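Computed from a prediction, not measured in an experiment: that's the story for all the values here. Quick note: residue numbers are just sequence positions, from 1.
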Amino acid sequence: MRIDKWLSNTGFGSRKEVKQLLKSGAVTLNGTVIKDPKTQANPDKDHVVVHGEEVIYKEFIYLMMNKPQGVISATEDSRHETVIDLIEMEDQGFEPFPVGRLDKDTEGLLILTNDGQLAHSLLSPKKHVPKTYFAKINGSIPENTYEKFKEGVVLEDGYHTQPAKLEVVQNAMDESEIYLTITEGKFHQVKRMFEAVGRKVTYLKRVQMGNLKLDDTLPLGTYRDLTEEELTLLSERRNVFE
C-alpha cells in the first residue's frame, strides 16, 4: 500500500498532514528516509519508523465506549457533541463510526469501529444480536409484564416487537429497576415497550451487546480498545432466554 495510507491509517492525521510529515524527513522505510507519499510499503515485511519509533500497521480499530448522556451517536453534527468528539485525534484518524446508536439521553456500552463487516454482523436484523439495558422505571412493574414482553408487545404505532427478556431487580411503588434484553433496535424501543404497559423509563443504560459486557471500571465519557477476547465474544451467539 502507499506509505501515506499506512501513516493515515495508523493515526498520523489526514493525507495532507501525512504529506507534510513525509516532507519533513521524519519517516524512514527499512532505514531509508522517504518523502514521496506514493512510495509502496508492505505491512507484512517492511519497517516504517516515524521520529525514531517504529509504526505497527493496523487496518481496523475496535473501541468500547461508556457513552455519557447529552452526546449523540453520530460521526458529525453541526449542533451537538458526538461520540467521535470524545475520541483522541490519533484514533479519529482511523475514521471509526458507532455501531448502531444510543439515544442522546441514554448511557452505556457503545462499540466504535471502522470494520464495516463487523458492524453489519452486529446490526443486521437477521442476526438478532441481543442487547441488554439497565433501566429505572417510574412506579412498580405491572403484573404479567414478564410474560407480555416474552411474547412481544404492541407499540403505539401498531408494531409488534420481537420477544424480550425482563429481569426485575427492584419492584417498588415509587421506582423500579430492571434489566431488559431485546434482539432488535427500533427507535426508542425500550422506552416505548414500557409505555405500552403504562410506565415511563426515567434512566436507561446499555450494559451488554451480544456476549460483550460493558467494562464497569470504564468511566462515563471514556473509551478503550477491545481485547482479542472481547472481539471473540462479539462474534459468539447468545440465547436471550437461556
Exercise. Would R224 and D91 count as a salt bridge (charged side-chain N to carboxylate O under 4.0 Å, His left out) if you check the C-alpha gap in whole Å, the side-chain angles of each, and the deciding distance to 0.1 Å?
Worked result: CA-CA 10 Å; R224 65 166 174 78; D91 292 324; over 6 Å; no
Show me the side-chain donor-acceptor pairs of residues 115-123 shorter than 3.5 Å, one per line, residues at least two apart or across chains.
residue: D115; atom: OD1; partner: Q117; partner atom: N; Å: 3.1
residue: D115; atom: OD1; partner: L118; partner atom: N; Å: 3.2
residue: D115; atom: OD2; partner: Y62; partner atom: OH; Å: 2.6
residue: S121; atom: OG; partner: L118; partner atom: O; Å: 2.7

Problem set entry | Separation of Q189 CD from Y133 OH (nearest 0.5 Å) | 8.0 Å
For this session: Indicate, with yes or no, if the rings of F149 and F194 have centres closer together than 6.0 Å.
Result: yes
For this session: Measure from NZ or CZ of K165 to the centre of the six-membered ring of Y146, then state whether that distance is under 6.0 Å and the direction lies within 45° of the axis.
Result: no
For this session: Using a strict 4.0 Å threshold on nitrogen-to-oxygen distance, state whether R192 and E156 make a salt bridge.
Result: yes
For this session: Could you grab the distance from atom CD of Q208 to atom CZ of F134, nearest 0.5 Å is fine?
Result: 15.0 Å
Seminar exercise, completed: When rounded to the nearest 0.5 Å, the distance separating NZ of K38 from CG of L22 is 13.0 Å
Problem set entry | Stepwise salt bridge (charged side-chain N to carboxylate O under 4.0 Å, His left out) check, E184 with K127 | CA-CA 9 Å; E184 52 191 343; K127 300 289 186 180; over 6 Å; no
Problem set entry | Pair S176-N171, side-chain donor/acceptor within less than 3.5 Å | yes
Problem set entry | Distance-only side-chain donor-acceptor flag, E107 / Y203, under 3.5 Å | yes
For this session: Give, for atom NZ of K19 and atom CG of D36, the distance between the pair rounded to the nearest 0.5 Å.
Result: 9.5 Å
